[in-house]
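The block underneath contains the structure these notes are about, expressed in structure tokens.
Hydrogens, waters and symmetry mates play no part in the numbers below; they use all other heavy atoms, side chains included.
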Amino acid sequence: MAAGLRRTRAGGRAPPHLMTARAAARDADGLAVASFVLGLVGLLVMNLLLGPAAIVMALVALARSTARRGRALLGLALGIADLAVLAFLVTGNGVVAWNTGG
């Protein structure tokens with residue numbers, strides 16, 4: 001198959017600019033879901049790294065006009081919550097560490 005051309009369902013060829021727009025939309029949707037997942041996991045572990053990553057991914061997904069806007073907004077909110085949990089833990093313990101023991 002020629003570079004930059006794919007077959008459509010009808011058997012014709014889709015223009016390259018449509019494939020680029022579809023790929024960009026798919027990437028933005030993937031970023032929205034990834035920001036949600038990272039923000040959710042960041043509430044439990046490694047919130048110092050996963051919180052800012054979730055925030056950045058959510059902002060990039062929103063800037064690229066994702067179809068999954070709700071998930072991007074949830075990822076943004078969870079990323080901010082990750083940083084709030086981190087701030088709470090640092091002020092409570094004085095260290096950036098999770099204590100799983102009693």
Side-chain angles (χ1 to χ4, degrees):
M1 199 174 297
L5 294 177
R6 292 186 183 163
R7 295 213 178 262
T8 61
R9 289 185 182 191
R13 297 199 183 261
H17 70 279
L18 287 180
M19 288 185 299
T20 305
R22 289 179 192 155
R26 222 178 15 245
D27 289 345
D29 292 347
L31 283 172
V33 172
S35 71
F36 172 71
V37 170
L38 288 179
L40 196 60
V41 172
L43 287 174
L44 302 173
V45 293
M46 297 190 337
N47 48 5
L48 181 62
L49 298 174
L50 297 181
I55 292 170
V56 169
M57 286 183 172
L59 292 175
V60 170
L62 290 171
R64 292 185 182 178
S65 301
T66 181
R68 298 181 180 199
R69 184 172 171 81
R71 288 208 180 126
L73 291 173
L74 279 173
L76 181 63
L78 287 170
I80 293 169
D82 290 346
L83 296 180
V85 167
L86 177 67
F88 177 75
L89 291 175
V90 168
T91 58
N93 295 339
V95 295
V96 181
W98 286 91
N99 186 6
T100 57

- Item | Flag, side chain of D82 to backbone of L48, donor-acceptor distance under 3.5 Å | no
- Task: Look only at the side chain of T91 and the backbone of A87, and say whether a donor-acceptor pair between them is shorter than 3.5 Å.
- Result: yes
- Once you round to the nearest 0.5 Å, how far does OG1 of T66 lie from CG of D27? 10.0 Å
Under 3.5 Å, side-chain donor or acceptor atoms of residues 30-42 against the rest of the protein: list the pairs with distances, not counting sequence neighbours.
from : atom 1 : to  : atom 2 : distance (Å)
S35  : OG     : L31 : O      : 3.4
S35  : OG     : A32 : O      : 2.8

- Task: To the nearest 0.5 Å, tell me how far L86 CG sits from L50 CG.
- Result: 11.5 Å
- Message: Looking at every non-hydrogen atom in both residues, tell me the closest pair between A72 and A61 and how far apart they are.
- Response: CB-CB, 4.3 Å
- Query: Can you find a pair of side-chain heavy atoms, one from N47 and one from L83, that are under 4.5 Å apart?
  - Reply: no
- Item | Residue from I80, L44, L43 passing side chain to side chain contact (heavy atoms under 4.5 Å, CB included) with V85 | L43
